[in-house]
Amino acid sequence: GQYRAGDIRHCFADISVAKKLLGYKPRYAFQEGVLELAQWLRSQQAEDRGAEMMQELKRFGLSA
């Protein structure tokens, strides 16, 4: 239920302006990128540092 002060609570990606103004074209289709991300994630080891993170946020006055 807690979050950092200034956090964006909801975000939706939309590249239509970059396509229109800059001619941006993604190199990978969404499905390809998600597959590559999933493969990379399988090789990673997670470390739970949530309690340490909350202490840091409180120490700097950044938790709500």
Side-chain angles (χ1 to χ4, degrees):
Q2 293 187 342
Y3 54 89
R4 295 180 298 183
D7 271 359
I8 296 171
R9 300 299 300 272
H10 304 284
C11 180
F12 302 94
D14 180 358
I15 61 170
S16 61
V17 174
K19 284 181 173 180
K20 182 178 177 180
L21 296 179
L22 304 173
Y24 174 74
K25 183 177 178 187
R27 292 182 187 169
Y28 300 95
F30 177 77
Q31 294 81 357
E32 291 174 291
V34 169
L35 178 60
E36 185 175 323
L37 174 62
Q39 291 170 344
W40 177 79
L41 288 171
R42 282 190 211 105
S43 72
Q44 302 302 301
Q45 185 98 23
E47 181 181 345
D48 185 358
R49 297 178 65 191
E52 181 182 343
M53 175 213 48
M54 289 305 297
Q55 288 177 350
E56 288 282 314
L57 291 173
K58 286 178 185 177
R59 191 175 88 205
F60 290 105
L62 297 173
S63 64

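Side chains are part of it too, since the values below use all heavy atoms of this structure and drop only hydrogens, waters and symmetry mates. Remember, it's a predicted structure, so these values are computed and weren't measured experimentally.
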Worksheet, complete the sentence: Separation between CG (Asp48) and CE (Met53), nearest 0.5 Å, reads 9.0 Å
Fill in: Taking every non-hydrogen atom, the tightest pair across Tyr24 and Lys19
O-CG, 3.2 Å
Discussion item. Counting only heavy atoms from other residues, nucleotides and ligands, does the tally under 6.0 Å from CG of Leu22 exceed 12?
Written reply: yes
Item to complete: Output the distance between atom CD1 (Ile15) and atom NZ (Lys20), rounded to the nearest 0.5 Å.
Response: 14.5 Å
Worksheet item: Is it true that Phe60 and Met54 fall in one hydrophobic cluster, defined by side-chain heavy atoms closer than 4.5 Å?
Response: yes
Discussion item. Rounded at 0.5 Å granularity, tell me how far CZ in Arg49 sits from CD in Glu56.
Written reply: 9.0 Å
Worksheet entry | Value rounded to 0.5 Å, distance of CG in Leu37 from CD in Glu32 | 13.5 Å
